[in-house]
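Remember, it's a predicted structure, so these values are computed and weren't measured experimentally. Sequence positions, counted from 1, serve as the residue numbers for this chain.
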Amino acid sequence: MSEKRSSFTGKIGFVLAAAGSAVGLGNIWRFPYLAAKYGGGIFLLVYIILAITFGFALMCAEIAIGRKTGLSAIGAFKKLDKRFGFIGILAAIIPAIILPYYSVIGGWVTKYLVTFVSGGMKAAANDSYFGNFISKPFEPVGWFLIFMGLTALIVLLGVEKGIEKVSKVMMPILAFLTLVIAVYVLFMPGAIDGLLYYITPNFSKFSATTVLAALGQLFYSMSLAMGIMITYGSYMKKDVNLESSVRQIEIFDTGIAFMAGLMVIPAVFSFSGGSQEALGQGPGLMFVTLPKVFESMTGGAIIGALFFLLVLFAALTSSISLMETVVSIVRDKLGWNRKIVCAIVFGFCLAIGIPVSLGNGIWSSFTIIGMALLDFFDFVSNSVLMPIVALLTCIFVGYIIKPKAIIEEIEIGAPFKAKTLFTIVIKYIAPICIVLILISSVLSAFGIMKI
C-alpha cells in the first residue's frame, strides 16, 4: 500500500523549496560567465525579459500540471491524456541524468569549502590546483560521495521535515551571503568598471546568439523541463496563490543570479582588468580565478570560505530537488517506501557518478562523440532533452488540453492576472524559441555552428 502523499505546509515553504531548486551552480558560475561572454548588460536585459515572459509561462504550466494531478511527471501527463504519458517519461530521464554529474561538481565545491576553512587558500590559488585535484582517482570520488550522501539524507527525511525545513534555512542565508560578498567586491580597486560592463546594456553587442544563450540559461537556472516543478507542484496545496508564487520564485532565482554576477564580474575586472581570457573560463572562473581574487583581498580567507559555503548551499538545494523528483517518480510508479527508493536512487547515482568523476582523470581518454563523460551528460540533458520536453509541454498545454485547463487550475487560489500573456507565450512564442535553441545547440555541439 502506498503512503499518503506529502505536501508543503504553505506558500513560504513551497516558494523557498522551489526557489532552492532553481538556484544552483548555474546561477553562481554559469550566469556570470555567460553575461561576461555575451556583452554584460545586454545579456542581463534579454535574460530578465525572457524570465518574466517565457520562464513565467512555462513554470506556471508545469506547477499547475503537478497540482492539478497530484502526481509527478510520468503520472501527471498520463492522467491528463494517456497518449502523452511519454512526455513524462522523457522529463523523468533528465533529472536522473543530471543528478550524478551535478553531484560530482557538488563534491568539488565541498572540497574547496573545506580547503578554505582549513587554511589552504594559498594552495587553492595556484594555477594547477584545480586540474591536479579533479584528475586524482580517489579524492574527487570521496568528495562526491560526501555530497551525494548529504543530499540523500535530506531527501530521506521527506518533503516537510527534510526539503522544506532545509530550504527555509538555506535560502535566506544564501541570499544574505550573496549580498555581503557582492558589496565587498564592489569596493575592490577596478571593480566599478566591471559593474558598469555588467549593468549597462550595449545594444551593439546584441545578436541572435545573445537570445539563444539567455534562453538556454533560463532552462538551466529555473529548473524547467525536467519534471522538478511538476513534482513540487504536486505537493502544493490548492489554496496557495500559484501565480504570485511563480513570480516570487522568479524574483529569487533571477536576483541570486544577478547578485552572483555582481560578485564575479567586478572581481575578475579588479583582478585581471576584465580580459576576455579571464572572463571566458566557464566553470574555471569559479575554481581557478576566484581563489586568486580571494588571496589578493584583505580577509580573503574568510570571504572565500563564505563564498564556497554559499555555492555549496546553492548546489545542495538543487541536488535535493533533482533527487526528490527521481524518488517521487519511482514512488508514484511503484508505490514503494521512501527509504527503499532513496537507497535505490543513491546506488544508481554512485554507478553513474563515479565513472563521471574518473572521466576527469584516469578515464579521461574515454569519450563519447568527442566529449568527456561529464560534458556528454550535460549536453544530452541540457541541450537536447530539456528543449524537447519544453517544446512537447508547450504543444501539450497549448493544443491538447488547451491553456484553459491550466488557467482554471491557477485561478483556484486567486484570479490569474497574466492569463493572456500566458496563452500567447505557451502557444506561439515559446515553441518557436525552443526549436531555435534545440537546432542551434545540436549544430554547435557538432561544430557546424558556433554559439
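Here the CD1-CG distance, from Ile432 to Leu436, works out to 8.0 Å after rounding to the nearest 0.5 Å. Remark: Cys433 SG to Leu218 CG distance equals 10.0 Å, nearest 0.5 Å. Lys205 NZ to Ile42 CD1: the interatomic distance, rounded to the nearest 0.5 Å, is 10.5 Å. To the nearest 0.5 Å, the span separating CG on Leu374 from CD1 on Ile134 amounts to 9.0 Å. The line from CZ of Phe138 to OG of Ser357 is 11.0 Å long, rounded to the nearest 0.5 Å.
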- Message: If you apply the rule side-chain contact (heavy atoms from CB on, under 4.5 Å), what do you find for Leu262 with Phe258, and how did you get there?
- Response: CA-CA 6 Å; Leu262 281 183; Phe258 174 74; 3.6 Å; yes
- Would you check, one step at a time, whether the test side-chain contact (heavy atoms from CB on, under 4.5 Å) holds for Met323 with Met148? CA-CA 10 Å; Met323 187 170 184; Met148 193 68 243; 3.8 Å; yes
- Query: So Tyr232 and Ile63, side-chain contact (heavy atoms from CB on, under 4.5 Å) or not? Walk me through it.
  - Reply: CA-CA 7 Å; Tyr232 276 29; Ile63 293 173; over 6 Å; no
- Message: Test side-chain contact (heavy atoms from CB on, under 4.5 Å) on Phe346 and Val155; report intermediate values, then the result.
- Response: CA-CA 11 Å; Phe346 182 75; Val155 173; over 6 Å; no
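Taking each heavy atom of Leu186 and Ile192 in turn, the nearest pair found is O-CD1, 4.0 Å. In this structure, Pro266 and Ala191 approach most closely via the heavy-atom pair CB-O, 3.4 Å. Shortest non-hydrogen contact noted between Ile28 and Ile256 is CD1-CG2, 4.3 Å. Heavy-atom minimum distance, Ile230 versus Ala76: CG2-CB, 4.0 Å. Taking every heavy atom of both residues into account, Ala73 and Gly227 meet most closely at CB-CA, 4.1 Å. Closest non-hydrogen pair, Pro100 versus Cys349, comes out as CB-O, 3.8 Å.
Between the side chain of Asn202 and the backbone N or O of Gly41, no donor-acceptor pair lies under 3.5 Å. Remark: side-chain polar atoms of Ser319 are paired, donor with acceptor, to backbone N or O of Leu316 under 3.5 angstrom. Glu62 places no side-chain N or O within donor-acceptor distance of the main-chain N or O of Ile228, the cut-off being under 3.5 Å. Side chain of Tyr38 to main chain of Val211: no donor-acceptor pair is present (N/O by atom type, distance under 3.5 Å, no hydrogens or angles). A distance-only check finds a donor-acceptor pair linking the side chain of Arg67 to the backbone of Lys237 [under 3.5 Å]. The main-chain N or O of Ser128 is found under 3.5 Å from a side-chain atom of Asn132 such that the two form a donor-acceptor pair.
Remark: Glu324 does not engage Arg331 in a salt bridge, criterion side-chain N to carboxylate O under 4.0 Å. Ion pairing between Arg247 and Glu250 holds under the 4.0 Å rule for side-chain N and carboxylate O.
Side-chain contact between Leu224 and Met59 is present, with at least one heavy-atom pair separated by less than 4.5 Å. Contact of the Tyr112 side chain with the Phe307 side chain is not registered, since no non-hydrogen atoms from C-beta on lie closer than 4.5 Å. Counting heavy atoms from C-beta outward, Tyr184 and Val180 have side chains that stay 4.5 Å or more apart. Side-chain contact between Ser234 and Leu71 is absent, with no heavy-atom pair separated by less than 4.5 Å. Between Phe219 and Phe54, the closest side-chain pair of non-hydrogen atoms falls below 4.5 Å. With a 4.5 Å cut-off on side-chain heavy atoms, Pro137 and Val141 do not count as touching. Residues Ser381 and Tyr101 have side chains in contact (heavy-atom distance under 4.5 Å, counting atoms from C-beta outward). Taking 4.5 Å as the limit, some side-chain heavy atom of Phe377 sits within range of a side-chain heavy atom of Ile352.
Taking the six-membered ring for Trp and the full ring otherwise, the centers of Tyr102 and Phe147 sit at least 6.0 Å from each other.
The side chain to side chain contact (heavy atoms under 4.5 Å, CB included) test with Ile388 singles out one residue from Ile94, Leu438, Thr393, and that residue is Leu438.
Ring-plane geometry between Phe287 and Phe130 is classed as parallel, the angle between the planes falling under 30 degrees on a 0 to 90 degree scale with a further cut at 60. Between Tyr47 and Phe31, the two ring planes are perpendicular [angle over 60°; tilted spans 30° to 60°].
No hydrogens or angles considered: a donor-acceptor pair under 3.5 Å links the side chains of Thr115 and Tyr129. Between the side chains of Thr210 and Ser207, a donor-acceptor pair is found at a separation under 3.5 Å.
Under a cut-off of 6.0 angstrom, the local environment of CD1 in Ile302 is sparse, with at most 12 non-hydrogen atoms contributed by other residues, nucleotides or ligands.
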